[in-house]
Structure formats: C-alpha cells, structure tokens
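Convention: sequence-line order gives letters A, B, ...; per-chain numbering from 1.
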2 protein chains.
Amino acid sequence: MARKLSAADAPLRLDNQICFAVYSAAHAFNRVYKPLLDRLGLTYPQYLVMLVLWERDDVPVKDIGEKLFLDSGTLTPLLKRLEAAHLVKRTRSSEDERQVLIALTSQGHALKDKARSVPQSVLAASDCSVSELVAMKDEIVALRDRLNAVIGE
Amino acid sequence: MARKLSAADAPLRLDNQICFAVYSAAHAFNRVYKPLLDRLGLTYPQYLVMLVLWERDDVPVKDIGEKLFLDSGTLTPLLKRLEAAHLVKRTRSSEDERQVLIALTSQGHALKDKARSVPQSVLAASDCSVSELVAMKDEIVALRDRLNAVIGE
DNA sequence: GCACATTCAATTGCGAACAATTAAATGTGA
DNA sequence: TCACATTTAATTGTTCGCAATTGAATGTGC
C-alpha cells in the first residue's frame with residue numbers, strides 16, 4: 001500500500017516541530033556570530049563563557065556550568081583553550097582544592113571592549129525590534145525552564 | 001578602578017541574549033528527547049533525518065541537508081551510522097552519479113510507528129498549549145529565516 | 001570535442017556536547 | 001578517628017557541526 005499524507009502524520013512533520021525551529025535557529029545564530037567572533041578569536045561557546053566572566057570573575061567551573069547548562073566534560077577542554085589563548089587563568093582554590101577558579105587575564109578583560117559591537121551586529125541581522133526580541137527571549141527562556149524542570153523529574 | 005554594573009554592559013549580559021535563550025533551549029530539548037529517542041536507537045539529529053525521510057523517501061543527501069540546514073560533513077557520517085543500524089540504504093543515483101540517494105529500509109519505515117509517541121511526550125514536557133507552541137514556533141522560524149537571509153548576504 | 005567551471009559527496013581536522021568513569025578533596029555519622 | 005558518601009574536575013569515547021579540501025561526475029562555452 002502506498003504511503004500518503006495523513007493527518008495522523010502531522011505530529012511527525014518536520015515543519016511542525018518546535019524543537020527543530022529552536023535547533024535550526026540556534027545554528028542560524030551560530031552562523032551569524034561566527035564572522036563577528038572570528039575577529040575576537042572566540043567560538044560561540046567560548047563567547048558565552050566570556051560573557052559569564054565579564055559579569056563576574058574568579059568563579060569555579062561549576063558556577064559557569066550552572067549558568068550555561070554545561071558540564072565539566074565540555075568546559076574543561078574549552079577553558080584550557082581559553083587559557084592557551086591567554087584569556088583566562090585556571091587555579092585551584094586554596095579553600096577547597098576540588099574547585100578550579102577561572103579568572104580573566106588582562107587580555108581577557110580587554111577583550112570585553114572589542115566585544116561590545118557584537119550584540120548590535122546580531123540585532124541588525126535579526127531584523128527585528130528590541131521589544132520583539134525581548135518578548136521572544138522571555139518566552140523561550142520560560143519554555144526552556146519548563147523543559148529543564150521536567151528533566152530533573 | 002573597580003568594575004561595576006553599568007548600563008553600557010547590558011547588551012553583553014548573558015540574560016539579555018536571545019541567542020543564549022535559543023542555544024540553551026535547544027540543549028534542553030535535546031535532553032528531553034534523549035531518553036525517548038534512546039528507545040528508538042536514535043540520536044536527535046538522526047531523528048531529524050528520519051523525520052525528513054518519513055515524509056519523502058529516496059532523496060539525495062543534498063535535499064536532506066537543505067531541509068535540516070546541514071552539510072555533507074555532518075550528514076555523511078550520520079547517514080553511514082543509520083545505514084549501519086539498517087534503517088537506511090545509500091545508493092549512487094544512476095541518472096547522476098554524483099548524488100547518493102537515501103532510502104528507508106523496511107526497518108526504517110517500521111520505526112515511524114514507534115516514533116509516534118515522541119511528539120506528545122515532548123508536548124507534555126513543554127507544559128504548554130499546542131496553540132502557544134505553534135505561535136512560538138512560527139516566530140522562531142521567522143527569526144531563523146531572517147538570520148539565514150543575512151548569512152547569504 | 002575539449003578546456004573549464006560547477007555540483008555533489010566524502011574526507012580531514014578541530015571544537016563542542018554529553019555519558020560514564022576516575023580520582024582527589026571534602027563532609028558526615030558512628 | 002575512621003568508614004562512607006558527596007562534591008568537583010578531569011578524562012575517555014562517541015556523536016554532532018562546520019570549514020576547507022579532494023575527487024569524481026556533470027554542465028558550459030568555444
């Protein structure tokens with residue numbers, strides 16, 4: 001028997017998947033960021049780590065992971081690359097030797113000024129008003145938090 | 001001089017980044033899908049490929065790539081893994097020997113029925129009405145398409 | 001027909017992302 | 001104190017994702 005388009009298949013259609021919308025939008029963002037971040041010598045996940053550090057410095061790996069929803073398997077090699085690029089320094093905490101504290105170098109601090117043009121370039125690429133983007137962001141964050149709540153059972 | 005919270009820093013604050021909202025939501029979706037897809041023996045990107053093939057079979061790699069915004073560097077090894085799992089078959093097109101056509105095996109077809117429960121499980125996890133999700137999806141797709149339009153210059 | 005560009009998939013190399021495990025440091029209860 | 005659990009990063013192995021290159025097949029302009 002021939003397979004035909006069926007209403008029963010609608011939930012499995014690619015264009016009906018919000019997850020694919022989110023997935024493909026994330027990749028689109030990545031491609032927009034790439035040329036901008038190349039000039040800073042950063043990848044997108046490295047940029048996210050730098051955003052965290054520009055807000056608060058000298059934090060354990062765990063804190064960065066909680067903010068970005070990433071684990072040490074991702075962060076350890078990434079932070080070593082940032083260290084190799086002389087943007088951060090990794091030092092064991094003296095109070096708790098299990099922790100590795102991540103601190104910006106002077107170059108890491110200085111990069112913040114170069115990064116200021118990035119958000120507005122992305123805003124321009126999105127061809128969208130700030131208020132619309134803020135509304136979308138809030139919706140997506142709310143959805144993400146509901147999903148994450150389910151993961152923790 | 002001490003660095004303090006400044007209005008000039010707002011565009012660089014992690015919580016103000018819609019790209020991070022999208023990025024972290026994509027990961028949250030991935031984590032929700034993981035246990036569901038494990039039962040099908042699929043990863044999330046593999047699931048996306050199967051969604052494409054369940055809609056239309058016997059398509060060149062390029063078509064799959066255009067629908068999913070992925071290139072051969074990602075798809076070739078992924079499709080080889082699907083072939084190793086006996087879900088698809090890869091054959092050179094006789095009309096154009098440059099193309100590799102991807103066709104579902106009987107097992108690949110059969111997996112569709114097992115996959116039908118996935119979307120509703122994710123819907124439940126999102127704790128959101130269908131109409132809200134559809135509205136969000138449309139907004140995100142529109143944003144994605146604007147971003148992709150900029151990438152093509 | 002023949003040089004040339006184009007198209008398509010495969011390959012290589014690098015950087016995430018994550019599960020699972022390991023090892024060291026710390027905390028806890030008896 | 002001492003056995004035990006917990007916390008924290010690092011490590012290992014697998015899979016994506018993409019840039020850049022390669023090589024074969026096809027299309028083109030002369």
Inset, instruction - Measure from the side chain of A:Thr74, starting at C-beta and using heavy atoms only, and say which of C:dA9, D:dC18, C:dA16 lies closest. - result: C:dA16
Legend entry - Shortest non-hydrogen contact between B:Leu12 and A:Ala115, atoms and distance: CD2-O, 3.7 Å
Inset, instruction - Give the minimum heavy-atom separation between B:Asn16 and B:Ala10, together with the two atoms involved. - result: ND2-O, 2.8 Å
Inset, instruction - Rounded to the nearest angstrom, tell me the gap between atom CZ in B:Phe29 and atom P in C:dC18. - result: 15 Å
Legend entry - Shortest non-hydrogen contact from B:Ala21 toward A:Lys137: CB-CG, 3.9 Å
Inset, instruction - Verify, without hydrogens or angle tests, whether B:Asn30 (side chain) and B:Tyr33 (backbone) share a donor-acceptor contact under 3.5 angstrom. - result: no
Inset, instruction - Kindly point out which of D:dG17, D:dC18, C:dA10 is positioned nearest to the side chain of A:Tyr23? - result: D:dG17
Legend entry - Rounded distance (Å) that lies between atom P of C:dT11 and atom CZ of B:Arg81: 13 Å
Inset, instruction - Measure the distance from CG on B:Leu101 to P on C:dA10 and round it to the nearest whole Å. - result: 11 Å
Legend entry - Nearest to side-chain heavy atoms of A:Pro60, which nucleotide of C:dC18, C:dA16, D:dA9: D:dA9
Inset, instruction - Would you kindly compare B:Ala28 and B:Thr76 by the position of their nearest DNA chain C nucleotide and give the one closer to the 5′ end? - result: B:Thr76
Inset, instruction - Under the side chain to side chain contact (heavy atoms under 4.5 Å, CB included) rule, what do A:Ile140 and A:Val22 come out as? Steps first, then yes or no, please. - result: CA-CA 9 Å; A:Ile140 296 167; A:Val22 170; 5.5 Å; no
Inset, instruction - With heavy atoms under 4.0 Å as the rule, sort A:Leu70 into base, sugar-phosphate or nothing. - result: sugar-phosphate
Legend entry - Steps toward side chain to side chain contact (heavy atoms under 4.5 Å, CB included) verdict (B:Leu143, B:Ile18): CA-CA 11 Å; B:Leu143 173 60; B:Ile18 187 173; 4.0 Å; yes
Legend entry - Electrostatic pair B:Asp63-B:Lys67, nearest N-O below 4.0 angstrom: no
Inset, instruction - Would you please test A:Leu87 and A:Leu53 for side chain to side chain contact (heavy atoms under 4.5 Å, CB included) and show each step? - result: CA-CA 10 Å; A:Leu87 294 174; A:Leu53 294 173; over 6 Å; no
Inset, instruction - May I have the distance from B:Lys62 (atom NZ) to D:dA25 (atom C1'), rounded to whole angstrom? - result: 15 Å
Inset, instruction - Can you check each nucleotide of nucleotides 20-26 of chain C against protein heavy atoms at under 4.0 Å and return B for base, S for sugar-phosphate only, - for none, in 5' to 3' order? - result: -----BS
Inset, instruction - Within residues 42-53 of chain A, find the residues that approach DNA chain D with a heavy atom at under 4.0 Å, and present them sorted by residue number. - result: none
Inset, instruction - Write down the distance between CG (B:Leu79) and P (C:dA9), rounded to a whole number of angstrom. - result: 10 Å
Inset, instruction - With the side chain of B:Val61 defined as its heavy atoms from C-beta on, choose the nearest nucleotide among C:dA9, D:dT11, D:dA9. - result: C:dA9
Inset, instruction - Go through D:dA9, C:dA16, D:dT15 for me and flag the one nearest to the A:Leu78 side chain. - result: C:dA16
Inset, instruction - Using atom CD of A:Gln99 as one end and atom P of D:dA10 as the other, report the distance to the nearest whole Å. - result: 11 Å
Legend entry - Heavy-atom closest contact (B:Pro119 atom, A:Pro11 atom, distance): CG-O, 3.4 Å
Legend entry - salt bridge (charged side-chain N to carboxylate O under 4.0 Å, His left out) partners of A:Asp96, counting only residues at least two apart: A:Arg98
Legend entry - Closest-nucleotide 5' rank along DNA chain D - winner of A:Leu75 and A:Lys34: A:Leu75
Legend entry - Presence of B:Arg90 side-chain N/O under 4.0 Å of C:dA10 phosphate oxygens OP1/OP2: yes
Legend entry - Separation of atom CD in B:Glu66 from atom C1' in C:dC8, rounded to whole Å: 11 Å
Legend entry - Rounded distance in Å - CD1 (A:Ile102) to P (D:dT8): 14 Å
